[in-house]
Student: 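The structure that follows is given in the form of structure tokens.
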Amino acid sequence: MTKTIGLICGSLRKNSYNRIIAQSLTELDDSLQFRWIEINDLPLFNEDLEVSVPEAVSSYKSAIQDVDGIIIVSPEYNSGIPGVLKNALDWASRPRESAVLSRKPVGLIGATPGGLGTAFAQLQIKQVLEAMQVHVLPFQKALISQVHKKIDSDQKVLTDEQTKRYLQQYLHQFIHWVDHTPALD
Ligand SMILES: Cc1cc2nc3c(=O)[nH]c(=O)nc-3n(C[C@H](O)[C@H](O)[C@H](O)COP(=O)(O)O)c2cc1C
């Protein structure tokens with residue numbers, strides 16, 4: 001059966017490099033379906049709102065529930081996780097006993113014009129996901145440095161062939177992880 005992979009971008013910026021990288025994944029494997037899971041309409045997390053969960057939160061949680069795995073493509077802010085992404089993960093962690101992200105296979109990719117490829121942010125995201133009992137793809141890292149030199153900003157596409165191959169390999173490993181994680185429960 002065709003696998004459906006959800007894509008979450010940790011940047012809300014219109015011309016986000018990370019969104020361009022996430023979009024490029026959709027062209028790397030025809031056997032997969034991809035679905036964007038948007039986080040820009042989510043309110044700031046507040047336990048008071050859980051009494052009557054806002055519609056934006058319910059549809060976000062349903063979108064997570066409906067996919068076989070999720071790839072988060074995120075920038076790094078101040079050596080850490082962007083606030084909008086942390087907010088989205090906190091919403092997905094509630095209520096704890098039926099959290100939609102729990103046991104979901106998740107992969108992490110990050111892109112930056114800088115030189116360290118979002119390594120610090122990924123460590124933090126991983127720590128947060130592990131607290132939520134998410135099945136984060138182990139061992140593999142997908143860190144993209146100097147991203148501005150690897151895309152065509154006008155066309156908003158990834159052009160660097162080496163990065164495409166790198167992402168294709170990551171995607172392949174992630175699908176293998178999606179196929180095998182149920183055995184871990
Ligand atoms: C508040 C802020 C903090 C940032 N901190 C980092 C950082 O710690 N490491 C890094 O590599 N880039 C950092 N950057 C630069 C981002 O990588 C860059 O703005 C990138 O384009 C953001 O991703 P996007 O294009 O997907 O929106 C920072 C940018 C902002 C706005």
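Atom set for the values below is all heavy atoms of this structure, side chains included, hydrogens, waters and symmetry mates excluded. Counting starts at 1 for both ligands and their atoms, following the listed order.
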Student: Do the side chain of Asp41 and the main chain of Ala56 share a donor and acceptor less than 3.5 angstrom apart?
Tutor: no

Student: A quick test of your reading: do over 12 heavy atoms of other residues, nucleotides or ligands sit less than 6.0 Å from NZ of Lys164?
Tutor: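 Yes.
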
Student: Could you pull out every protein residue that has a heavy atom closer than 4.0 Å to ligand 1, ordered by chain and then number?
Tutor: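 Near ligand 1, by chain and number: Ser11, Arg13, Ser16, Tyr17, Asn18, Pro75, Glu76, Tyr77, Asn78, Ser79, Thr112, Pro113.
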
Student: Are the ring centres of His172 and His176 closer than 6.0 Å?
Tutor: no

Student: So with a 6.0 Å cut-off around CZ of Arg96, is the heavy-atom count from everything else above 12?
Tutor: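 Counting neighbours around CZ of Arg96, 12 or fewer heavy atoms of other residues, nucleotides or ligands fall under 6.0 Å, so no.
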
Student: Please tabulate, one pair per line, all N/O donor-acceptor pairs under 3.5 Å involving side-chain atoms of residues 115-127, not counting sequence neighbours.
Tutor:
from	atom 1	to	atom 2	distance (Å)
Thr118	OG1	Gln122	NE2	3.4
Gln122	NE2	Ala142	O	3.1
Gln124	OE1	Ile81	N	3.0

Student: Would you say CG of Asn15 has more than 12 non-hydrogen atoms from neighbouring residues, nucleotides or ligands within 6.0 angstrom?
Tutor: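 Yes, because the 6.0 Å sphere around CG of Asn15 holds more than 12 heavy atoms from other groups.
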
